[in-house]
S.K.: 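First, the structure itself, so that you have it in front of you.
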Amino acid sequence: MKIATYNINGINARLPVLLRWLEEQQPDVACLQELKKQQEDFPLEAINNLGYEAIWHGQKSWNGVAILSRVGTPVEIRRGLDGDPEDVQSRYIEADVAGIRIGCLYLPNGNPAPGPKFDYKLAWMQRLNDHAKGLLKSKKPVVLTGDFNVIPTPKDAYKPERWTGDALFFPESREAFAKLLKQGWTDAVRHLHPDETIYTYWDYFRNAFSRNAGIRIDHFLLSDELVPRLKAAGVALDVRGWEKSSDHAPVWIELKD
DNA sequence: ATGACACGTCAAACGTGA
């Protein structure tokens, strides 16, 4: 089974690329972030036509997450995280798909840091970590994936020194991510490729992609039950090179059935 | 240190992203 995550940076502008990607690379499950569309305007028909069912949590202009599946209806477990009833941003959706609990997340960017946006990021990470602990405790096979907006280590950035003042690389962000991993999650891509240069995001400007001046911020975290089933993991670099592509590339894992 | 680009909203710049 192939599961993918893709920050599409606007489902409106990205629909042709999204459909081409689904058609050509056929992920069984696809977690999407940054729909930037209100709930009613999700292009369900076009996605259904390719054999996918979908659940999503939209929001006007910003954020928005979705789980697509062609291996059975995604059964929604929750949208949003506990811990802040005031939080209206669409950044988390969770479903059971083909026997796996899948959490799809779009973690806040947090810039400029320090400041209120960074405070929101750190509070959101705390809420995520609290929820993740419960997921592990359930002993279900769980995948926690999406745009974490965290560069975990210096080797996950083309020029780490350029990111020292950035919320994606701030010590507090990296520590919160490390704390999450320490609960018992496995970073699937790093697990299989410990020393490789792997990026998932490249700026639109300065030919960042052709220079491979990127960062690794889209991650797949696996619960222990799933680690023995992990066959392969990678980044769909070709998709980032397509016309009108997102600034992120899809990331995927392959699990034994 | 700054800005390069892209997207959505809205119909001109501006907020946001990373």
Side-chain angles (χ1 to χ4, degrees), chain A residues 5-21 31-43 56-66 87-92 104-122 124-125 128 145-174 176-177 189 197-219 235 237 239-251:
Chain A
T5 183
Y6 189 15
N7 180 323
I8 55 175
N9 186 16
I11 198 161
N12 216 19
R14 209 67 57 222
L15 193 59
V17 165
L18 172 64
L19 297 177
R20 179 181 168 191
W21 170 64
C31 297
L32 307 180
Q33 302 86 36
E34 280 209 86
L35 306 177
K36 295 184 168 181
K37 267 288 187 192
Q38 56 193 4
Q39 188 69 12
E40 311 83 85
D41 292 343
F42 187 82
W56 66 97
H57 190 196
Q59 182 182 335
K60 193 181 178 186
S61 305
W62 315 117
N63 312 314
V65 283
D87 187 1
V88 294
Q89 301 189 24
S90 309
R91 294 182 177 277
Y92 188 82
C104 168
L105 64 98
Y106 175 49
L107 207 144
N109 172 300
N111 280 305
K117 292 195 170 177
F118 189 57
D119 295 342
Y120 174 67
K121 176 179 194 149
L122 293 182
W124 204 94
M125 291 186 86
L128 175 67
T145 188
D147 178 358
F148 282 73
N149 266 320
V150 175
I151 303 167
T153 72
K155 75 174 160 201
D156 296 309
Y158 171 67
K159 279 208 167 138
E161 64 274 17
R162 289 251 174 98
W163 293 91
T164 49
D166 195 287
L168 277 61
F169 197 58
F170 249 56
E172 292 95 323
S173 309
R174 291 157 57 192
F177 185 77
V189 172
T197 295
I198 301 170
Y199 303 134
T200 67
Y201 168 91
W202 302 257
D203 272 341
Y204 280 121
F205 24 86
R206 286 178 300 192
N207 297 318
F209 181 59
S210 55
R211 294 184 296 116
N212 199 23
I215 51 177
R216 191 174 75 96
I217 56 175
D218 301 270
H219 307 301
V235 181
L237 294 175
V239 178
R240 181 61 181 81
W242 292 351
E243 273 305 303
K244 294 280 287 174
S245 122
S246 168
D247 38 10
H248 296 250
V251 183

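Every value quoted in this text rests on a predicted model; they were computed, and no experiment measured them. Note on naming: letters A, B, ... go to the chains in the order of the sequence lines (proteins, then strands), and numbering restarts at 1 for each one.
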S.K.: Expressed in angstrom and rounded to an integer, what is the separation of A/Asp166 atom CG from B/dA1 atom C1'?
M.R.: 15 Å
S.K.: Calculate the interatomic distance between A/Tyr201 atom OH and B/dG17 atom C1'; express it in whole Å.
M.R.: 7 Å
S.K.: Within this structure, what is the CH2-to-C1' distance between A/Trp62 and B/dA6, rounded to whole angstrom?
M.R.: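 About 11 Å, once rounded to whole Å.
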S.K.: Would you please confirm or rule out a distance under 4.0 Å between OP1 or OP2 of B/dC7 and any side-chain N or O of A/Lys244?
M.R.: yes
S.K.: Which part of the nucleic acid, if any, lies within contact of A/Tyr106, taking any heavy atom under 4.0 Å across all strands shown: a base, the sugar-phosphate backbone alone, or nothing?
M.R.: sugar-phosphate
S.K.: Output the rounded distance in Å from CG (A/Asp247) to P (B/dA4).
M.R.: 17 Å
S.K.: Any idea which of B/dC7, B/dG15, B/dG8 is nearest the A/Arg14 side chain?
M.R.: B/dC7
S.K.: Quantified in whole Å, what is the C1' atom distance between nucleotide B/dG3 and nucleotide B/dA18?
M.R.: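 My reading of the C1' atoms in B/dG3 and B/dA18 gives 14 Å.
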S.K.: With heavy-atom distances below 4.5 Å as the criterion, would you say the side chains of A/Lys121 and A/Val150 are in contact?
M.R.: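 They are in side-chain contact.
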S.K.: Do A/Leu105 and A/Trp124 come close enough that some side-chain heavy atom pair is under 4.5 Å?
M.R.: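 Yes, their side chains come closer than 4.5 Å.
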S.K.: Could you tell me which nucleotide pairs with B/dG3 by Watson-Crick or G-U wobble geometry, both distances under 3.5 Å, or answer none if nothing does?
M.R.: none
S.K.: For B/dC7 and B/dA11, measure between their C1' atoms and round to the nearest Å.
M.R.: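 The answer is 15 Å between these two C1' atoms.
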S.K.: Decide yes or no for A/Phe169 and A/Pro154: does some side-chain heavy atom of the first lie under 4.5 Å from some side-chain heavy atom of the second?
M.R.: yes
S.K.: Give the rounded distance in Å between these two atoms: NZ of A/Lys117 and C1' of B/dA18.
M.R.: 12 Å
S.K.: Tell me: CG of A/Asn9 to P of B/dT16, nearest whole Å?
M.R.: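 Value for this atom pair: 15 Å.
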S.K.: Pick base, sugar-phosphate or nothing for A/Asn12, based on heavy-atom distances below 4.0 Å to the nucleic acid.
M.R.: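 Touches sugar-phosphate only.
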S.K.: Any side-chain heavy atom of A/Thr200 within less than 4.5 Å of one from A/Val189?
M.R.: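 No; the side chains remain at least 4.5 Å from each other.
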S.K.: Would you say A/Asn149 places a side-chain N or O within less than 4.0 Å of OP1 or OP2 belonging to B/dA18?
M.R.: yes
S.K.: Who is the Watson-Crick or G-U wobble partner of B/dA11, with both distances under 3.5 Å?
M.R.: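 Pairing partner, where one exists within any strand: none, as none qualifies.
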S.K.: Just to be sure I understand the rule, does A/Asp147 reach a base, reach only the sugar-phosphate, or reach nothing, if contact means heavy atoms closer than 4.0 Å?
M.R.: sugar-phosphate
S.K.: B/dG8 C1' sits how many Å from A/Ile8 CD1, rounded?
M.R.: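 Going from A/Ile8 (CD1) to B/dG8 (C1'), I get 14 Å.
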S.K.: Return yes if some donor-acceptor pair links the side-chain N/O of A/Ser90 with the main-chain N/O of A/Gly58 below 3.5 Å, else return no.
M.R.: yes
S.K.: Grab the NZ-P distance between A/Lys60 and B/dC7 for me, whole Å please.
M.R.: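 Going from NZ in A/Lys60 over to P in B/dC7 covers 19 Å.
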S.K.: What's the closest nucleotide to the side chain of A/Ser61 if the choices are B/dT16, B/dT9, B/dA18?
M.R.: B/dT9
S.K.: Is the aromatic ring centre of A/Tyr204 closer than 5.5 Å to the centre of the six-membered base ring of B/dA6, with the two planes inclined by less than 30°?
M.R.: no
S.K.: Report the relative orientation of the aromatic rings in A/His219 and A/Phe177; use parallel for angles under 30°, tilted for 30 to 60°, perpendicular for over 60°.
M.R.: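 It falls in the tilted class, 30° to 60°.
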S.K.: If only side-chain N and O atoms of A/Asn7 are considered, is one of them under 4.0 Å from the OP1 or OP2 phosphate oxygen of B/dG17?
M.R.: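 Result: no.
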S.K.: Taking only the side-chain nitrogens and oxygens of A/His248, find out if one of them lies under 4.0 Å from OP1 or OP2 of B/dG17.
M.R.: no
S.K.: Taking the P atom of each, how far is B/dA1 from B/dA13, in whole Å?
M.R.: 30 Å
S.K.: Which of the following nucleotides, B/dA18, B/dC7, B/dA4, is nearest to the side chain of A/Trp163?
M.R.: B/dA18
